[in-house]
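Scroll down for the structure; my scribbles are underneath it.
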Amino acid sequence: MTDCCTQKSKMPRLGEVLISRDRIAERVKALADEICHCYGGQENSELVIVALMTGSLVFLADLIRQLPLRVRVAIMVVSNYPGRSTSAEGVRINYDIQENIAGKDVLVVDDIFDTGQTLRAVVDLLEKRGVRTIRICVLLKKLIARSENLQPDFVGFEIPNKFVVGYGLDYDNLFRNHPEIAVLDIEHG
Ligand code: IMP
Ligand code: MG
């Protein structure tokens, strides 16, 4: 066996499928209905969706196409370095939204709610800009105990505390293009 093949066989790979394409599609439609029900009654109002990149990319694309609302989309690029003593230290805004959100209804969209540190920092930052309302929508929420006093308003699926990839979620910026949500298999890579 060559060095090249030995290296390749050590790469992490896709493991057990946790959520199929069909289940994702069905749930995203239902989430969009929940969101419309929440915001739809407000005439002449606009919803500003603040999407956290890059994890929410695929979810965002599917979700917004199911929302018959007046929507503006703003992008924020955020990275979290867990292990820092506070969320403010651990979360870094690499690219900020360009949209003026004062007086606006804001919906923050992210791929997964893990410790909640990322969303805590983002919500704190956006609230300071005088939003009218701010809510959170995540595709996935891990079933773990959290120190952050924050709950997402819209949740696609609650999942066990496993590292998952696909449908936008990555490991080392890989597997985002996989259409299902699968557990990352490091053991047998
Ligand atoms: P939190 O600040 O701990 O809630 O982390 C949220 C961010 O960590 C997400 O936006 C993801 O980018 C990343 N993350 C957390 N868990 C996973 C996972 O299981 N797979 C892929 N990314 C994850
Ligand atoms: Mg992310």
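In each ligand, atom 1 is the first atom listed, and ligand 1 is the first ligand listed. Only a predicted model underlies this, so the values are computations on that prediction, with no experimental measurement involved.
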| field | Atoms of ligand 1 close to V164 [distance to a heavy atom under 4.0 angstrom, numbered from 1] | value | 18 (C), 19 (O), 20 (N), 21 (C)
| field | Interfacing atoms of ligand 1 (cut-off 4.0 Å, heavy-atom, K142) | value | 16 (N), 17 (C), 18 (C), 19 (O)
| request: Just jot down the ligand 1 atoms closer than 4.0 angstrom to any heavy atom of N80, in number order. | output: 1 (P), 2 (O), 3 (O)
| note | Filtering V91, V165, V78, T115 for the heavy atom nearest atom 1 (P) of ligand 1 leaves T115
| message | Under 4.0 Å, heavy-atom basis, I'd like to know which part of T118 is in contact with ligand 1: side chain, backbone, both or neither. | response | both
| note | Residues at least two apart in sequence or cross-chain that pass side-chain hydrogen bond (donor to acceptor under 3.5 Å, both in side chains) with E180, listed by chain then number, are H178
| field | Side chain, backbone, both or neither: D110 near ligand 1, heavy atoms under 4.0 Å | value | side chain
Tabulate below the donor-acceptor pairs under 3.5 Å that side-chain atoms of residues 156-167 make, not counting sequence neighbours, or state none.
unit_1 : atom_1 : unit_2 : atom_2 : d
Y167   : OH     : D62    : OD2    : 2.6

| query | Can you tell which part of K162 has a heavy atom less than 4.0 Å from ligand 1: side chain, backbone, both or neither? | reply | backbone
| query | Atom CG in D111, atom OG1 in T118: separation rounded to 0.5 Å? | reply | 9.0 Å
| field | Part of D114 within contact of ligand 1 (heavy atoms, under 4.0 Å) | value | both
| Donor-acceptor contact present, side-chain R27 to main-chain V155, <3.5 Å | yes
